[in-house]
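The next block holds one structure in the form of structure tokens; read it before the comments.
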Amino acid sequence: MKLLVTVKRVEDPESRIRVRPDGQGIVTDGVNYKMNPFDEIAVEEAIRLKERHGGEVVVVSLGGPAAAAELRAALAMGADRAVLARHAGALDPSGAAALLERLVAQERPDLVLLGKQAVDDDQNQTGQLLAGRLGWPQATFASKKEGLESPAEQAREPGLALSADGARLRVAREIDGGLETLELELPAVVTVDLRLNRPRFASLPGIMKAKKKELREVEAGALGADLSPRVVVRRLLEPPARAGGVKVADVSELFQRLRGEAKVV
Amino acid sequence: MAASEELTDYMGFQELLGDEERLVRRQARQFVNAEVLPGIERCAQEQRFPRDLVGRMGELGFFGPTLPPEYGGAGLSSVAYGLLMYELERGDSGIRSFASVQGALVMYPIFTYGSEAQKRRWLPRLARGEAVGCFGLTEPDFGSNPAGMRTRAVREAGGTWRLDGAKMWITNGSVADVAVVWARTDDGVRGFLVEKGAPGFTAPEMKGKWSLRASVTSELILDGVRVDEEQSLLPGARGLKAPLSCLTQARYGIAWGALGAADACYQCALDYALNRIQFERPIASFQLQQEKLAWMVTELTKGQLLALQLGRLKDRHLATPAQVSMAKMNNVDAARQIAARARTILGANGITGEYPVMRHMTNLESVYTYEGTHDMHLLIVGEAVTGIPAFRP
């Protein structure tokens with residue numbers, strides 16, 4: 001089974017994020033970067049599928065040369081090789097999906113796994129747009145049916161279930177109020193949610209082996225995809241600072257304020 | 001205070017690291033945040049070694065990672081190894097001590113002085129954490145002066161050796177499957193692998209410590225222990241320089257590790273000072289507290305740069321034992337003082353297990369004394385710069 005997994009370099013959510021005074025981006029000084037945590041879950045799932053069924057895990061990233069560090073992290077976890085499609089400047093979900101479509105045409109995977117969204121701008125569109133472009137079946141928000149405290153998770157079993165003939169994939173996906181199970185014909189696109197697995201730590205031998213694995217760089221512009229953005233960010237704003245609360249004397253004052261100031265009743 | 005994702009890096013020393021060095025450090029930190037910090041305070045309070053961490057650390061390759069892959073290592077650089085020690089000791093000095101002993105004091109001598117059969121037998125199991133090792137050099141009456149050791153090994157007929165003596169302050173002693181025991185012979189000091197359960201060999205645990213409470217410290221008692229020469233004697237180790245070479249490896253890791261404990265104390269004190277309100281202001285706004293914080297971050301930063309340059313020298317096989325002594329001495333002393341100052345910033349809260357500071361502070365008293373006391377390292381540096389050994393009359 002050949003698996004293609006996306007790995008996006010994102011700002012570490014633990015870093016303090018500040019908007020630039022001109023509103024055209026964030027202050028990058030002192031910001032740490034890491035692999036998008038949802039992509040990390042996708043990489044883990046791909047490695048488990050490979051461990052169970054054999055095959056190859058190819059990780060891909062779209063962006064600047066610095067993203068090689070996140071690809072190496074995925075290789076250290078156990079992915080087999082990496083492709084970095086180099087692109088400077090902004091890339092919106094439609095551009096990312098167009099680029100991924102070209103990489104899928106090159107690599108011909110049986111399954112594309114993506115994080116359901118990246119924690120930088122939380123778009124949650126790329127997987128869906130990619131499936132649409134490819135005309136492949138898709139399942140979003142894949143989860144582990146047995147839960148993260150289950151023996152299945154302890155034994156590092158994949159949450160995505162491949163049929164005996166290898167032609168279909170069963171996916172439990174998170175929906176409002178529960179789980180829904182879908183069965184997809186392969187090839188397919190699956191985006192993963194938080195409760196699919198707990199990603200492993202890369203072992204030190206894994207990190208050293210990753211240095212020797214193939215990391216191929218291609219120029220995104222040379223792949224022939226239309227990368228022109230459909231979405232333009234005009235201005236970023238800091239969320240308004242939280243004002244302190246007030247104490248009210250009694251219920252009638254509470255209602256007065258809810259009606260008069262907050263205008264919610 | 002949530003587990004911190006990043007180490008303190010005031011002078012940008014991480015710019016000097018390679019990609020895999022950064023990755024090693026990040027993985028180690030995430031491991032410590034997820035698996036060490038949640039339970040370590042309780043282990044220390046209960047004087048209990050978190051045995052379940054051994055297998056997990058072995059799985060991740062934390063033991064002997066600088067050894068080549070054929071023996072279960074990862075071929076890591078010395079700097080990456082140092083960063084691993086830093087992150088482990090940010091969790092607890094006892095956890096770092098376990099890894100130091102296993103890697104630098106047990107796997108290193110077997111790798112360096114052992115026969116091929118001894119290496120094949122022990123190194124992969126030690127690397128995976130399936131076997132635990134300890135290192136017996138110090139004796140009740142011979143600490144800083146190991147040359148005076150009384151433990152004796154006598155060669156008998158039939159290819160066996162008989163060992164008699166006692167070792168003290170031995171980390172991992174009671175939980176070890178194999179002890180590297182150093183003994184006086186007619187042929188100078190030699191090293192022996194003594195296995196758990198050998199008749200006459202016992203390792204009672206030393207209780208009642210106020211330091212390294214999450215780590216096992218033991219005596220080793222050798223009462224007519226007979227060992228097979230081929231299995232036990234380390235053929236390449238002759239003279240006291242062999243065990244001392246192991247200590248140089250371990251001290252190198254300590255020079256990094258102590259800074260991890262210091263960083264945990266500094267970050268905790270900074271966070272506390274910014275959030276603790278007295279006289280309607282955070283206490284971080286008072287000059288007396290700022291002096292402490294500025295001093296702490298300065299010493300931490302100097303220590304990082306010292307350890308990094310030492311590691312770069314070590315990777316080029318240029319680091320001298322006296323340079324390792326300087327780094328161990330300086331960085332542990334700085335860590336000890338950083339922890340003590342952090343304790344004062346936390347006020348009464350500083351003495352409780354709600355915060356990691358008092359645990360680190362008491363741990364560092366051991367680290368200050370073991371693997372060559374602070375004073376002995378001063379004298380080693382003193383000898384290096386004057387050419388006159390002050391400790392050999």
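In what follows, chains carry the letters A, B, and so on, assigned in the order in which the sequence lines appear, proteins first and then strands, with residues in each chain numbered from 1. The shown structure was predicted, so the numbers you read here are calculated from the model rather than taken from an experiment. Basis for what follows: all heavy atoms, side chains included, without hydrogens, waters or symmetry-related copies.
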Neighbour count above 12 (heavy atom, 6.0 Å) for B:Glu15 CD: no
Neighbour count above 12 (heavy atom, 6.0 Å) for A:Lys145 NZ: no
A:Phe201 CZ to B:Glu59 CD distance, which is reported to the nearest 0.5 Å: 10.5 Å
Residues from residues 62-78 of chain A approaching chain B under 4.5 Å (heavy atoms): A:Arg72, A:Ala73, A:Ala76
Which portion of B:Arg22 sits near chain A, non-hydrogen atoms under 4.5 angstrom: neither
Spacing of CD belonging to B:Glu6 relative to OG belonging to A:Ser15, to within rounding of 0.5 Å: 7.0 Å
B:Arg120, CZ: over 12 other non-hydrogen atoms inside 6.0 angstrom: yes
CD/B:Glu354: more than 12 non-hydrogen atoms of other groups inside 6.0 Å: no
Contacts of residues 204-212 of chain A with chain B (heavy atom under 4.5 Å): A:Leu204, A:Pro205, A:Ile207, A:Met208, A:Lys211
Test log, rule salt bridge (charged side-chain N to carboxylate O under 4.0 Å, His left out), inputs B:Glu35 and A:Arg198: CA-CA 13 Å; B:Glu35 310 214 7; A:Arg198 286 205 181 91; over 6 Å; no
Side chain / backbone / both / neither for B:Ala34 at chain A, heavy atoms under 4.5 Å: side chain
Contacts with chain B made by residues 36-49 of chain A (heavy-atom distance under 4.5 Å), listed by residue number: none
For chain A, which residues of residues 67-74 of chain B have heavy atoms nearer than 4.5 angstrom: B:Gly73, B:Ala74
